[in-house]
A.B. asks: 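Sharing a structure with you now.
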Amino acid sequence: MLRTSAPLRAFLRYNSSKAGHYEAVVIGGGPGGYIHAIKLAQLNIKTACIESRGALGGTCLNVGCIPSKSLLNNTHLFHQVKHEAKDRGIDLPGEASINVANLQAAKDKSVKGLTLGVEMLFKKNGVTYLKGHGSFKDDKTLTVKPIDGAEPYEVTADNITIATGSVPTPFPGIEIDEERIVTSTGALSLKEVPKKLAIIGGGIIGLEMASVYSRIGSEVTIIEFQNAIGAGMDGEVAKQTQRLLQKQGLKFKLGTKVTSGKRDGDKVNISVEEVKSGKTEDLEADVLLVAIGRKPNTEGLNHQAAGVEEDEKGRIVIDSQFRTAKPHIRAIGDTTFGVMLAHKAEEEGVAAAEYIKHGHGHVNYGNIPSVMYTHPEVAWVGASEEQLKADGIKYKVGKFPFVANSRAKTNLDTDGFVKFLADAETQRVLGVHIIGPNAGEMIAEGGLALEYGASTEDIARTCHAHPTLSEAFKEAALATFDKPLNA
């Protein structure tokens with residue numbers, strides 16, 4: 001009788017439970033991938049999800065949305081205690097100070113709890129979790145290389161969905177070491193507060209990290225090639241946001257390009273040039289954050305072997321049902337077109353599962369909200385003024401400032417406003433833009449209005465509780481066709 005070694009027996013046991021055929025396999029366990037896998041399982045489709053990180057949740061839960069929000073929330077609380085306590089009637093025994101190790105520990109605790117929660121959802125819904133790196137052997141076969149070093153094995157599937165997310169876009173000529181020259185990943189785990197922090201990129205990631213470290217003592221300079229911050233923001237909102245962030249101590253160099261960035265010991269030397277004038281300047285920082293965007297994460301996927309095509313930007317080409325050139329292979333989230341947002345990927349995950357099961361699904365790409373979690377928060381959904389002007393659409397504007405809102409005044413938090421853009425004839429809501437306290441939560445009402453084709457009069461005639469910040473939402477809607485009542 002042929003005897004097998006203990007390691008081989010372990011390997012065979014491992015593969016007997018994981019290898020084999022599935023009705024659907026999802027490559028990637030981020031917001032798009034794990035939601036897609038759960039929805040497939042709920043539709044009674046035998047599903048496996050391959051994830052190489054060792055923890056589910058993708059960039060968002062591990063090194064993106066969740067850890068950054070932990071740092072943003074806790075540093076904002078610190079800033080309030082240090083600078084606003086007396087005005088709020090709070091006497092402290094001593095001066096507040098930041099403990100970076102504990103700040104990071106609180107962040108890590110939040111991340112771990114949520115990633116383990118996704119794993120529990122897999123178990124609850126019957127999704128098989130394959131911990132390893134997945135790559136295509138052909139259009140029906142995937143090779144899984146386990147992260148624990150075990151021998152690779154193969155799985156086959158009737159349907160395969162690519163949901164591998166994105167990675168930071170590199171800056172040509174600048175070498176990332178995640179210590180002194182960092183991406184957003186490294187910026188989330190700095191062991192000490194840099195005296196000087198330089199950031200390439202004035203988008204959401206750059207501005208959120210700027211807020212975190214400015215609050216706890218860093219001198220922050222943001223270098224942005226464009227003449228405005230917050231790519232995608234309504235122009236008026238972007239200008240107001242910049243003014244408020246400058247009041248908080250952030251410095252901006254707009255219309256400026258970085259020509260070089262090199263580490264020299266514990267410092268980083270940065271050379272910049274004004275786009276319009278050509279004037280050059282040398283800067284020095286303790287840490288340089290490169291935050292110029294993200295690109296699809298397809299390295300090592302070997303999708304070409306399956307006949308999956310990319311466009312000139314490296315995005316996987318799909319049709320309206322998320323199908324690639326091979327109809328049984330789909331792609332969702334950051335790997336393909338559109339804004340790189342977790343909730344956009346989640347919506348696509350649900351819709352793609354429904355296409356597989358029922359042949360129909362739906363995502364409204366005109367109603368994907370964006371939120372920047374600085375303070376004040378900035379949130380928007382639908383069209384901006386610039387987009388409406390470019391499309392030749394006649395519109396009306398209604399605004400209401402938080403300084404006239406009773407709850408905001410009570411909370412001593414009155415910066416910003418709510419702005420509605422409505423069709424000039426029908427008053428149908430075309431866009432909602434908020435800068436102010438709790439904007440990220442309030443924008444959901446704007447999304448609901450867009451989804452159901454509400455008019456600003458519909459919103460203005462809807463009773464909003466008093467005293468709430470959402471009353472500013474009602475008043476701004478009223479301002480598009482009449483006069484606000486409290487300003």
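Just the heavy atoms: all of them, side chains too, but no hydrogens, waters or symmetry mates, feed the values below.
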A.B. asks: Please check if the side chain of Asn297 supplies one atom and the backbone of Thr335 the other of a donor-acceptor pair under 3.5 Å.
C.D. replies: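 No; zero donor-acceptor contacts below 3.5 Å.
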A.B. asks: Provide the closest heavy-atom pair for Tyr213 versus Ala187 in the form atom of the first, atom of the second, distance.
C.D. replies: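 In this case the closest contact between Tyr213 and Ala187 is OH-O, 2.5 Å.
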A.B. asks: Would you name the heavy atoms of Val381 and Gly447 that are closest together and state the gap between them?
C.D. replies: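 Here Val381 and Gly447 meet closest at CG1-N, 3.9 Å.
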A.B. asks: In a table with atom names and distances, give each donor-acceptor pair under 3.5 Å that connects a side chain of residues 356-364 to protein atoms at least two apart or in another chain.
C.D. replies:
from, atom 1, to, atom 2, distance (Å)
Lys357, NZ, Leu43, O, 3.3
Asn364, OD1, Gly366, N, 3.0
Asn364, ND2, Glu451, OE1, 3.2

A.B. asks: Would you find more than 12 non-hydrogen atoms of other residues, nucleotides or ligands less than 6.0 Å from Arg407 atom CZ?
C.D. replies: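 Atom CZ in Arg407 is not packed in, count stays at 12 or less.
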A.B. asks: Of the non-hydrogen atoms in Ile205 and Ser184, which two are nearest, and what is the gap between them?
C.D. replies: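 Reported closest heavy-atom pair: CG2-CB, 3.8 Å.
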A.B. asks: Please examine the side chains of Glu175 and Ile181, heavy atoms only from C-beta on, and report whether any two atoms are closer than 4.5 Å.
C.D. replies: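 Not in contact.
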A.B. asks: Just by distance, do the side chain of Asp138 and the backbone of Thr141 share a donor-acceptor pair under 3.5 Å?
C.D. replies: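 Checked: pair present.
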A.B. asks: Can any side-chain N or O of Thr47 pair as donor or acceptor with the backbone N or O of Ile45 at less than 3.5 Å?
C.D. replies: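 A pair under 3.5 Å: yes.
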A.B. asks: Out of Pro152, Ser52, Pro146, which residue meets the side chain to side chain contact (heavy atoms under 4.5 Å, CB included) rule with His133?
C.D. replies: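 Among Pro152, Ser52, Pro146, the one that satisfies the side chain to side chain contact (heavy atoms under 4.5 Å, CB included) with His133 is Ser52.
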A.B. asks: Just how far is it from atom CD1 of Ile332 to atom CD1 of Ile35, taken to the nearest 0.5 Å?
C.D. replies: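 Answer rounded to 0.5 Å: 9.5 Å.
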A.B. asks: Going by atom types alone, do Lys107 and Ser189 pair a side-chain donor with an acceptor below 3.5 Å?
C.D. replies: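 Side chains of Lys107 and Ser189: pair found under 3.5 Å.
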A.B. asks: Under 3.5 Å, side chain of Thr256 to main-chain N/O of Leu254, donor-acceptor pair present?
C.D. replies: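 Yes, because the side chain of Thr256 sits within donor-acceptor range (under 3.5 Å) of the backbone of Leu254.
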A.B. asks: As an exercise, state the distance from CH2 of Trp380 to NZ of Lys419, rounded to the nearest 0.5 Å.
C.D. replies: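 One gets 13.0 Å once the value is rounded to the nearest 0.5 Å.
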A.B. asks: Measure the CD1-CG distance between Ile38 and Leu121 for me, rounded to the nearest 0.5 Å.
C.D. replies: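 Atom-to-atom, Ile38:CD1 and Leu121:CG are 4.5 Å apart.
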A.B. asks: Any donor and acceptor pair, going by atom type alone, linking the side chain of Gln242 with main-chain N or O of Ile229 inside 3.5 Å?
C.D. replies: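 Absent.
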A.B. asks: For a quick check under 3.5 Å, do Glu178 and Thr183 share a side-chain donor-acceptor pair by atom type?
C.D. replies: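 Looking only at side-chain atoms, Thr183 and Glu178 do form a donor-acceptor pair, the distance falling under 3.5 Å.
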A.B. asks: Quick check: do His328 and Asp158 have side-chain heavy atoms less than 4.5 Å from each other?
C.D. replies: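 No. Closest side-chain heavy atoms not under 4.5 Å.
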A.B. asks: Are the side chain of Asn125 and the backbone of Gln42 linked by a donor-acceptor contact shorter than 3.5 Å?
C.D. replies: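 Answer holds: no.
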A.B. asks: To the nearest 0.5 Å, tell me how far Leu289 CG sits from Ile176 CD1.
C.D. replies: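 The CD1 atom of Ile176 is 8.5 Å from CG of Leu289, to the nearest 0.5 Å.
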A.B. asks: How long is the gap from CG on Asp108 to OG on Ser70, to the nearest 0.5 Å?
C.D. replies: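 Going from CG on Asp108 over to OG on Ser70, the span is 8.5 Å.
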A.B. asks: Quick check: do Ile174 and Val258 have side-chain heavy atoms less than 4.5 Å from each other?
C.D. replies: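 Ile174 reaches Val258 side chain to side chain.
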A.B. asks: Using side-chain heavy atoms (C-beta onward) and a distance below 4.5 Å, is Lys69 in contact with Glu208?
C.D. replies: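 They are in contact (side-chain heavy atoms under 4.5 Å apart), so the answer is yes.
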A.B. asks: Please list every donor-acceptor pair under 3.5 Å in which a side-chain atom of residues 342-349 meets a protein atom from a residue at least two apart or in another chain.
C.D. replies:
from, atom 1, to, atom 2, distance (Å)
His343, NE2, Pro369, O, 2.5
Lys344, NZ, Gly333, O, 3.3
Lys344, NZ, Phe337, O, 2.6
Lys344, NZ, Glu348, OE1, 3.3
Lys344, NZ, Glu348, OE2, 3.2
Glu348, OE1, Gly333, N, 2.6
Glu348, OE2, Tyr365, OH, 2.6

A.B. asks: How many angstroms lie between CG in Leu245 and CE in Met372, if you round to the nearest 0.5 Å?
C.D. replies: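 Reported to 0.5 Å precision, the distance equals 5.5 Å.
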A.B. asks: Does this structure show an ion pair linking Arg180 with Glu192, if we count only N-O contacts that are shorter than 4.0 Å?
C.D. replies: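 Counted as a salt bridge, because a side-chain N and a carboxylate O are separated by less than 4.0 Å.
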A.B. asks: Counting N and O atoms only, with roles assigned by atom type, does the side chain of Arg330 sit under 3.5 Å from a partner on the main chain of Gln321, one being a donor and the other an acceptor?
C.D. replies: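 Side chain of Arg330 to backbone of Gln321, a donor-acceptor pair under 3.5 Å: yes, one is there.
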A.B. asks: I'd like to check the ring pair (Phe, Tyr, Trp, His ring centres under 6.0 Å) partners of Phe420; sequence neighbours left out, ordered by chain and number.
C.D. replies: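 Applying ring pair (Phe, Tyr, Trp, His ring centres under 6.0 Å) to Phe420 gives Phe473.
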A.B. asks: Would the number of heavy atoms belonging to other residues, nucleotides or ligands and lying under 6.0 Å from NZ of Lys295 be above 12?
C.D. replies: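 It does not: Lys295 NZ has 12 such atoms or fewer within range.
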A.B. asks: I'd like to know if the side chain of Ser110 and the backbone of Ala106 have a donor-acceptor N/O pair within less than 3.5 Å.
C.D. replies: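 Checking the backbone N and O of Ala106 against the side chain of Ser110, a donor-acceptor pair under 3.5 Å is found.
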A.B. asks: Check the pair Gln240 / Arg243 against side chain to side chain donor-acceptor pair (under 3.5 Å), numbers first and verdict last.
C.D. replies: CA-CA 5 Å; Gln240 178 68 358; Arg243 285 194 288 268; 2.9 Å; yes
A.B. asks: Is any side-chain heavy atom of Asn411 closer than 4.5 Å to one of Phe402?
C.D. replies: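 No - every pair of side-chain heavy atoms lies 4.5 Å or more apart.
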A.B. asks: Mind running side chain to side chain donor-acceptor pair (under 3.5 Å) on Glu51 and Tyr34 for me, showing each step along the way?
C.D. replies: CA-CA 9 Å; Glu51 171 55 53; Tyr34 87 72; over 6 Å; no
A.B. asks: Does a donor on one side chain and an acceptor on the other come within less than 3.5 Å for His375 and Gln80?
C.D. replies: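 The criterion, which ignores hydrogens and geometry beyond distance, is not satisfied for Gln80 and His375.
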A.B. asks: Output a table of donor-acceptor pairs, distance under 3.5 Å, between side-chain atoms of residues 220-227 and any protein atom two or more places apart or on a different chain; print 'none' if there are none.
C.D. replies:
from, atom 1, to, atom 2, distance (Å)
Glu224, OE1, Gly202, N, 2.6
Glu224, OE2, Gln226, N, 2.9

A.B. asks: Could you tell me whether a side-chain N or O of His433 sits under 3.5 Å from a main-chain N or O of Ala383, the two making a donor and an acceptor?
C.D. replies: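 The answer is yes, because a donor-acceptor pair under 3.5 Å joins these two groups.
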A.B. asks: What pairs with Arg294 under salt bridge (Lys or Arg N to Asp or Glu O under 4.0 Å), at least two apart in sequence or on another chain?
C.D. replies: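 Listed in chain order: nothing, the list is empty.
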A.B. asks: Got Ser68 and Met209 here, is their nearest side-chain heavy-atom distance under 4.5 Å?
C.D. replies: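 Yes, close enough: below the 4.5 Å cut-off.
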A.B. asks: My understanding is that only residues two or more places apart in sequence, or in another chain, count here; which of them pass side-chain hydrogen bond (donor to acceptor under 3.5 Å, both in side chains) with Asn73?
C.D. replies: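 Applying side-chain hydrogen bond (donor to acceptor under 3.5 Å, both in side chains) to Asn73 gives none.
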A.B. asks: Is there a side-chain contact between His36 and Leu40, using heavy atoms and a 4.5 Å cut-off?
C.D. replies: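 Answer yes - side chains close enough.
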A.B. asks: Can you name the nearest heavy-atom pair linking Ala37 to Cys49, along with the distance?
C.D. replies: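 What the structure gives for the nearest pair is CB-CB, 4.2 Å.
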A.B. asks: Backbone N or O of Ser384 within a donor-acceptor pair of the Gln387 side chain at under 3.5 Å?
C.D. replies: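 Yes, because the side chain of Gln387 sits within donor-acceptor range (under 3.5 Å) of the backbone of Ser384.
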A.B. asks: Looking at Arg428, I'd like to know if its CZ atom is crowded, meaning that more than 12 non-hydrogen atoms belonging to other residues, nucleotides or ligands lie closer than 6.0 Å.
C.D. replies: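 No, because the 6.0 Å sphere around CZ of Arg428 holds 12 heavy atoms or fewer from other groups.
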A.B. asks: Does a side-chain heavy-atom distance below 4.5 Å link Pro376 with Leu244?
C.D. replies: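 Sidechains of Leu244 and Pro376: in contact.
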